[in-house]
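This report refers to the structure that appears directly beneath it.
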Amino acid sequence: MKRALMLARRASEVGEVPVGAVLVGDGEVIGEGWNCPIGESDATAHAEIQALRDAGGHIGNYRLPGTTLYVTLEPCVMCAGAIVHARVAEVVYGATDPKAGACGSVFDLLPSDGRFNHRTECRGGVLADDCGETLRAFFRARRRSKSTGEAGAQPACPR
């Protein structure tokens with residue numbers, strides 16, 4: 001989760017909402033990502049999706065069974081769907097998302113929705129204070145810069 005937090009800070013530095021994700025398989029990092037929807041002009045460029053794409057390219061398969069995804073914010077419905085399709089075994093997240101969370105905060109897609117052909121376990125609250133504070137600090141700074149008229153960082157998601 002500490003590595004995911006580092007990636008979240010990278011997103012923040014380029015003006016993206018600070019969410020980071022790391023996918024681990026067999027004890028090794030096989031994929032990572034951070035939020036890039038603004039920089040990539042892509043609504044699907046959430047940290048979780050970026051990590052799944054990175055891992056799929058790394059191993060040459062979109063199916064990622066037996067893996068664990070560490071993410072600083074509870075996944076949304078879109079990301080939960082991608083996680084199920086990728087066959088990720090477990091999601092470990094930091095802060096809950098009271099507006100769009102899909103691991104029980106708003107929606108309960110992971111793990112309890114038995115209509116899916118694959119179940120992904122979920123565990124939240126890991127480094128929740130650090131993850132939540134990273135998000136709060138980002139939005140405080142954004143509100144402050146809007147009130148003073150400062151220009152924000154130019155989003156960029158180098159790969």
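Please read these numbers as outputs of a predicted model, since none were measured by experiment.
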At what distance, to the nearest 0.5 angstrom, does [atom1] of [X] lie from [atom2] of [Y]?
X: E28; Y: T67; atom1: CD; atom2: OG1; result: 13.5 Å
X: R9; Y: M6; atom1: CZ; atom2: CE; result: 9.5 Å
X: Q50; Y: E48; atom1: CD; atom2: CD; result: 10.0 Å

Non-hydrogen side-chain atoms of R63 and N61 separated by less than 4.5 Å:
yes
Side-chain heavy-atom pair H118, P65 within 4.5 angstrom cut-off:
no
Ignoring hydrogens, what is the shortest heavy-atom contact between [X] and [Y]? Give both atom names and the distance.
X: E32; Y: L7; result: CB-CD1, 3.6 Å
X: A80; Y: P75; result: N-CB, 4.4 Å
X: P37; Y: A45; result: CD-O, 3.3 Å
X: C122; Y: P111; result: CB-CD, 4.1 Å

Between [X] and [Y], is there a donor-acceptor pair closer than 3.5 Å when you use the side chain of the first and the backbone of the second?
X: T72; Y: G20; result: yes
X: E74; Y: D97; result: yes
X: N35; Y: P18; result: no
X: R136; Y: T134; result: no
X: E16; Y: G39; result: yes

Residues which pass side-chain contact (heavy atoms from CB on, under 4.5 Å) with M78, listed by chain and number, not counting sequence neighbours
T44, H46, I49, C76
May I ask you to list the residues sharing a hydrophobic cluster with V71, side-chain cutoff 4.5 Å, ordered by chain and number?
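Traced through the cluster, V71 reaches V17, V19, L23, I30, L52, I59, L64, L69, L73, V77, I83, V84, V88, V91, Y93, V106, F107, L109, L110, F116, L135, F138, F139.
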